[in-house]
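Notes for the one structure printed next.
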Amino acid sequence: MEVRVRFAPSPTGYLHVGGARTALYNWLLARRHGGSFILRIEDTDISRSTEEAIQAIMEDLRWLGLDWDEGPEVGGKHFPYRQTGRYALYRDAAMRLLREGKAYPCFCEPEELAERRREALRQGRSPMYDRRCLALPEREKEARMRQGIPYALRFLVPEGEVTFTDLVRGEISFRNRDIEDFVLLRSDGSATYNLAVVVDDLEMEITHVVRGDDHLSNTPKQILLYRALGAEPPAFAHLPMIVARDGRPLSKRHGDVSVGSFREKGYLPEAMVNFLALLGWSLDDSTTIMDRTTLVENFSLERVSSKPAVWDEDKLLWMNSQYIMALDDRELAGRIFPFLVREGLVEESDAAARELLVKAAPLIRERIKLLADAVHLVRFLFQEVEIEEDARQVLEEEAAEPVLREAGKALLELKEFKAPQIEGTLRAMADRLGLKPRQAFQPLRVAITGRKVSPPLFESMELVGRERCLQRIARALEAL
RNA sequence: GGCGCAUUAGUCUAGUUGGCCUAGGACGCCGCCCUCUCAAGGCGGAGAUCGCGGGUUCGAAUCCCGCAUGCGCUACCA
């Protein structure tokens, strides 16, 4: 049987890392088994769903390389792939349940239900629906319906218990008497989450429901619904939550955890994917860096952990640096370039700048953990330098003036303005002045790059070029 | 209150059927080396009585029971 999985975000905000991991695991499972990965937008909550959020979620999924086989923009035979277009399906299912006596109308008002719930809690009782509308005489129900009194449709939870095998956690069971008669259709006719998911997963022939842990207690309700509809439930796998260091579920409270924000900070999608994959899953006892192919070839739900994982950005950062170091010059430059454009350092169309960046790539590769880190490291290549505040002190040191003076002369006489030659002549100069390398080179670094920290000096000078180097040295000298 | 799930170092985790675990790997941290700055790299180090308490066993992180803590659900949200 073909493996069919889905990622079903509700577009009430941006895709956050927890959602991204859920999507990734689903995608991985589909790719591992040559199945289908379906994207379905759960926008039954119209008031909170937005079109922008849908677009943003799709953009983030694409950025991560999680392509869907069916869903918005790609279509599929189970169209449409957003719940707002599937009302008829939910209604049909609900009405069928009503006809078969597996659901019943409830005329209770939301406010009064809320009040009863509060009261129950106050008295230490379980705040479950008391089925008072189920007890209504048939004639009374019909009368009220005829009068047009709005009603919600509740599922009549049967007796017994629900036991299922979660692919991550093993056997889990719930007693039905702990499950209340949940609402299927709201009084405005719209479907609630539990009804919609079941109807959709059924209609879309989903074989594995892989989702967050927070849905674990919804599962028995859904299984009951599958059975009531005369269908076999799919397999379930509940992923542990991603929490912050304080042990609470990761959320906005802990800073921006949207996938988009990581992209903007300069994380690589391949690093995100690798890191996300390892948040709750492992290949073995030692493999940490894995490319997409390795992930696809080895992913299995059996190796998914059931304990919540703490989001550790330090490790993500390290992983990102690993992926950055693995990029070749041109690729790395290509990824950094947009960040320079964003900073206004270069024009999008500046081909020469692109080439210069390619040459600078080997100098910065091991010095950045985020693509955005490159900006301040290469700024001096694209802009005249402005000496940074904390770098001025370097020029105030005693050795600064003679170094700049002598270096200027030495560089002027150099036949070939290449890193090895530059290094040779500058080291000789340092010897002549009786200075340690550091004493001799720091003032030059500040003059050329404007900062105390920069890519390797000689290579940087080569890229800046003789003329500009001499100008910068002269300027620094004037400023003394 | 009820129901459910989880519990190996600061963190991610390995540990699938009890012995190869005096608990392995990685991030982070500390030290040394390398060094023109910063990194990267190399070498080394600290850090876990495997939540707690019982039990089963020749032997338990691994099996059983109890407890504690945390989290989730308990909506006409998803």
Side-chain angles (χ1 to χ4, degrees), chain A residues 8-10 12 42-45 47-49 83 106 108-110 113-114 117 120-128 150-154 166 169 172-175 177-180 182-188 190-194 196-197 212-221 238 240-241 243 245 247-249 275 278-289 302-303 305-319 321 325 364-369 373 377 391 394 423 426-427 430 436-442 444-446 449 451-458:
Chain A
S10 55
T12 53
E42 307 220 321
D43 55 353
T44 47
D45 184 356
S47 60
R48 294 195 302 149
S49 300
Q83 298 187 322
C106 171
C108 301
E109 310 249 340
L113 288 169
R117 193 173 306 116
L121 244 19
R122 198 155 38 226
Q123 295 177 8
R125 300 196 328 263
S126 278
M128 294 214 327
Y151 62 93
L153 209 60
R154 282 185 186 272
D166 186 282
R169 289 155 203 279
I172 296 174
S173 65
F174 293 83
R175 285 183 298 271
R177 54 164 224 252
D178 294 323
I179 303 170
E180 76 171 345
F182 54 97
V183 170
L184 298 175
L185 240 38
R186 301 186 186 97
S187 47
D188 66 0
S190 64
T192 59
Y193 166 74
N194 282 308
V197 206
D213 210 343
D214 47 340
H215 287 295
L216 194 57
S217 16
N218 278 323
T219 307
K221 297 180 190 172
H238 289 92
M241 307 234 90
V243 300
R245 285 194 182 277
R248 319 211 49 139
F275 182 71
L278 253 18
L279 229 45
W281 174 84
S282 64
L283 195 167
D284 55 28
D285 62 349
S286 59
T287 313
T288 304
I289 301 292
E302 285 150 39
R303 288 192 64 83
S305 155
S306 50
K307 96 181 223 211
V310 176
W311 181 259
D312 178 7
E313 197 160 338
D314 279 344
K315 190 155 182 172
L316 207 210
L317 203 54
W318 166 80
M319 195 168 276
S321 73
M325 284 192 272
I364 60 176
R365 176 177 288 118
E366 290 163 356
R367 295 179 168 75
I368 61 173
K369 286 188 155 51
D373 291 343
L377 271 182
V394 172
E423 176 164 10
L426 290 181
R427 283 196 188 278
K436 290 193 170 129
R438 183 194 175 100
Q439 294 175 297
F441 301 148
Q442 274 306 81
L444 280 168
R445 182 187 315 284
V446 169
T449 71
R451 310 179 72 237
K452 285 201 301 192
V453 174
S454 81
L457 183 59
F458 316 117

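In the text below, chain A, chain B and the rest are named by the order of the sequence lines, each starting its count at 1. As the structure is a computational prediction, the values presented were derived from the model and not from experiment.
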Looking across every strand, which nucleic acid part, if any, lies under 4.0 Å from [X] by heavy atom: base, sugar-phosphate, or nothing?
X: A:L444; answer: nothing
X: A:M325; answer: sugar-phosphate
X: A:S126; answer: base
X: A:T449; answer: nothing
X: A:Q123; answer: nothing

If you restrict it to nitrogen or oxygen atoms, what contacts under 3.5 Å exist between nucleotides 36-38 of chain B and the protein, and what is each distance?
from   : atom 1 : to     : atom 2 : distance (Å)
B:rC36 : OP1    : A:R427 : NH1    : 3.2
B:rC36 : OP1    : A:R427 : NH2    : 2.5
B:rC36 : O2'    : A:R445 : NH2    : 3.1
B:rC36 : O2     : A:R445 : NH2    : 2.4
B:rC36 : N3     : A:L457 : N      : 3.2
B:rU37 : O4'    : A:Q442 : OE1    : 3.2
B:rU37 : O2'    : A:K452 : O      : 3.2
B:rU37 : N1     : A:R445 : NH2    : 3.2
B:rU37 : O2     : A:S454 : N      : 2.8
B:rU37 : O2     : A:S454 : O      : 3.0
B:rU37 : N3     : A:R445 : NH1    : 3.4
B:rU37 : N3     : A:S454 : O      : 2.7
B:rU37 : O4     : A:R367 : NH2    : 3.4
B:rU37 : O4     : A:P456 : N      : 3.4
B:rC38 : O2     : A:R367 : NE     : 2.7
B:rC38 : N3     : A:R367 : NE     : 3.0
B:rC38 : N3     : A:R367 : NH2    : 3.0
B:rC38 : N4     : A:R367 : NH2    : 3.3

Quick one: pull up [atom1] in [X] and [atom2] in [Y] and give me the separation to the nearest 0.5 Å.
X: A:Y193; Y: A:E42; atom1: OH; atom2: CD; answer: 6.0 Å
X: A:L278; Y: A:S305; atom1: CG; atom2: OG; answer: 11.5 Å
X: A:N194; Y: A:H215; atom1: CG; atom2: NE2; answer: 9.0 Å
X: A:L283; Y: A:R303; atom1: CG; atom2: CZ; answer: 7.0 Å

Nearest atoms (heavy-atom pairs only) where [X] meets [Y]:
X: A:R451; Y: A:R445; answer: O-CG, 3.6 Å
X: A:S187; Y: A:P150; answer: CB-CB, 4.1 Å
X: A:A191; Y: A:A196; answer: CB-CB, 4.5 Å

Rounding to an integer number of angstrom, what distance separates [N] and [M] when you compare their [atom1] atoms?
N: B:rU17; M: B:rC12; atom1: C1'; answer: 26 Å
N: B:rG41; M: B:rG4; atom1: P; answer: 49 Å
N: B:rA26; M: B:rC64; atom1: C1'; answer: 34 Å
N: B:rC5; M: B:rC67; atom1: P; answer: 15 Å
N: B:rG51; M: B:rA60; atom1: P; answer: 15 Å
N: B:rG45; M: B:rC71; atom1: P; answer: 38 Å
N: B:rA14; M: B:rU62; atom1: C1'; answer: 13 Å
N: B:rC21; M: B:rU49; atom1: C1'; answer: 14 Å

Taking any strand in view, what nucleotide pairs with [N] in a Watson-Crick or G-U wobble way, both distances under 3.5 Å?
N: B:rG19; result: B:rC58
N: B:rU35; result: none
N: B:rC71; result: B:rG4
N: B:rA40; result: none
N: B:rC27; result: B:rG10
N: B:rG66; result: B:rC52

Sequence neighbours left out, what passes ring pair (Phe, Tyr, Trp, His ring centres under 6.0 Å) with A:W318? Give chain and number order. none

So, using ring pair (Phe, Tyr, Trp, His ring centres under 6.0 Å) as the criterion, who are the partners of A:F174 when residues are at least two apart? none

Report the nucleotide, chosen from [options], that has the shortest atom-to-atom distance to any side-chain atom of [X].
X: A:I172; options: B:rG4, B:rG1, B:rC71; result: B:rG4
X: A:P127; options: B:rA39, B:rG1, B:rA78; result: B:rG1
X: A:R175; options: B:rC76, B:rG4, B:rA6; result: B:rG4

Give a yes/no answer on whether the side chain of [X] brings an N or O atom under 4.0 Å of OP1 or OP2 in [N].
X: A:R117; N: B:rA75; answer: yes
X: A:R177; N: B:rU74; answer: no
X: A:R365; N: B:rA39; answer: no
X: A:S286; N: B:rA26; answer: no

Check: protein-nucleotides 60-63 of chain B nitrogen or oxygen pairs below 3.5 Å:
none

Between A:K221 and A:T288, the residue closer to the 5' end of RNA chain B by nearest nucleotide is A:T288

Closest-nucleotide ordering on RNA chain B, the 5'-leading residue of A:R125 and A:D188: A:R125

Any side-chain donor-acceptor pair under 3.5 Å between A:D188 and A:S190? yes

A:S306 and A:R169: side-chain donor and acceptor closer than 3.5 Å? no

Chi angles and distances behind the salt bridge (Lys or Arg N to Asp or Glu O under 4.0 Å) call for A:R48, A:D43: CA-CA 8 Å; A:R48 294 195 302 149; A:D43 55 353; over 6 Å; no

Separation of atom [atom1] in [X] from atom [atom2] in [N], rounded to whole Å:
X: A:M241; N: B:rA78; atom1: CE; atom2: C1'; answer: 12 Å
X: A:D178; N: B:rG4; atom1: CG; atom2: C1'; answer: 10 Å
X: A:D213; N: B:rU74; atom1: CG; atom2: P; answer: 14 Å
X: A:Q83; N: B:rA78; atom1: CD; atom2: C1'; answer: 9 Å

Quick check: any donor-acceptor pair below 3.5 Å linking the side-chain of A:S217 to the base of B:rC3? no

Could you check whether the side chain of A:N218 and the base of B:rA78 have a donor-acceptor pair of N or O atoms closer than 3.5 Å, going by distance alone? yes

Checking A:T44 now: which residues fulfil side chain to side chain donor-acceptor pair (under 3.5 Å) with it, not counting sequence neighbours? none

Nucleotides 7-13 of chain B: protein proximity per nucleotide (B base, S sugar-phosphate only, - neither; heavy atom, under 4.0 Å): SS-SSBS

Just to verify, which of A:D213, A:N218, A:D166 counts as forming a side chain to side chain donor-acceptor pair (under 3.5 Å) with A:H238? A:D166

Less than 4.5 Å apart, side chain to side chain, heavy atoms only: is that true for A:D312 and A:R245? yes

